[in-house]
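Working notes for the structure below.
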Amino acid sequence: MADRCGYCPYVKREGFVRNWRLSGQRRERRSREVVRGTGAGKEPAMEGLTIAILVIMLFSGIMFSWRNRQGSDALESVAGDFPLTPESAAEIAAEAGLTTCERNAGRTARVVRTADRLRFEFACRAGVMEFEIRELPGSAGCRVTGHAGDVALIRLPEVGGLGASSTNVLYMKVGMPRNPARLLRRRERVFRALSRAALDDGRRRADVEEVSRR
């Protein structure tokens, strides 16, 4: 439609066009220039993707460090002295170290006697938790020691550029413990059960002494 004066502007190769078409072209050209000048467009999306990748890497690093710390704690040897005979301590520990599913499945921990100690272990997908029981001098009780003999690892992908193969020692060290918390909970159950048994044994002895005094 022509303007109030009846004039329609002329555009090369298109002839006379309407004013609203020209104004739309101008707005589109200006918007392109603004986008080109300010650098807007794909950059906000790329920034959001970069932030998401950094957050994922941060949480992965935290989880990797936490798992490694738990694996190191499981490998460390923990010992405790209890006023129990080695045989009774082994019986209590062999029962307390089993999970509910393992008890229902009929699994047991085989206690092996050597010259001066009793040994038994619990194996699962997370690794192997080993225990040793020795008699204290003077028959004052026993010492129970527990540590992880093996911690299962989740193999991580090879690091690009290092040339580490699946049989390389470097690759063997790059791994995350599968579930070290399960080994720690197993050891904690054993020592907690031994502590309760020692406390109950001390109470029984105190009651017997009190009755004998009467």
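Hydrogens, waters and symmetry mates are skipped; everything else that's a heavy atom, side chains included, is used.
Counting only residues at least two apart or in different chains, salt bridge (Lys or Arg N to Asp or Glu O under 4.0 Å) contacts with residues 48-68 are absent.
A side-chain donor-acceptor contact under 3.5 Å links R187 to the backbone of G146. Not one N or O on the side chain of R186 forms a donor-acceptor pair closer than 3.5 Å with the backbone of V128. Between the side chain of R143 and the backbone N or O of A79 there is no donor-acceptor pair closer than 3.5 Å.
Between V151 and G71, the shortest heavy-atom contact is CG2-O, 4.3 Å. Shortest non-hydrogen contact noted between L183 and G127 is CD2-C, 3.9 Å. The shortest heavy-atom contact between S77 and T145 is OG-CG2, 2.9 Å.
Within a 6.0 Å radius of CD in E91, other residues, nucleotides and ligands contribute 12 heavy atoms or fewer. Taking a 6.0 Å sphere around CZ of R189, one finds it holds more than 12 heavy atoms contributed by other residues, nucleotides or ligands.
With contacts defined as side-chain heavy-atom distances shorter than 4.5 Å, the pair Q70/L184 qualifies. You'll find the side chain of L194 reaches within 4.5 Å of the side chain of V190, heavy atoms only. Under the 4.5 Å side-chain criterion, counting only non-hydrogen atoms from C-beta, L153 is in contact with P177.
Between the CG atom in D150 and the CG atom in L75 there is a gap of 8.5 Å [rounded to 0.5 Å]. Between the CD1 atom of I92 and the OG1 atom of T85 there is a distance of 8.0 Å, given to the nearest 0.5 Å. Rounding to the nearest 0.5 Å places OG1 of T99 at 10.0 Å from CZ of R185. Interatomic distance, F122 CZ to T108 OG1, rounded to the nearest 0.5 Å: 9.5 Å. Interatomic distance, CG of L84 versus OG of S195, reported as 9.5 Å (0.5 Å rounding). Interatomic distance, NE2 of H147 versus CD of E132, reported as 6.5 Å (0.5 Å rounding).
The existence of a salt bridge linking D73 and R69 is confirmed by a sub-4.0 Å separation between a basic side-chain nitrogen and an acidic carboxylate oxygen. Salt-bridge check for R113 with E87: passed, with a basic side-chain N closer than 4.0 Å to an acidic carboxylate O.
Relative ring orientation between F131 and F120 is described as parallel, the plane-to-plane angle staying below 30° on a 0-90° scale split at 30° and 60°.
Under the side chain to side chain contact (heavy atoms under 4.5 Å, CB included) criterion, E188 pairs with R192, sequence neighbours left out.
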I would like to know whether R182 and M129 meet side-chain contact (heavy atoms from CB on, under 4.5 Å); could you show each step before the answer?
CA-CA 10 Å; R182 187 174 182 181; M129 181 60 70; over 6 Å; no
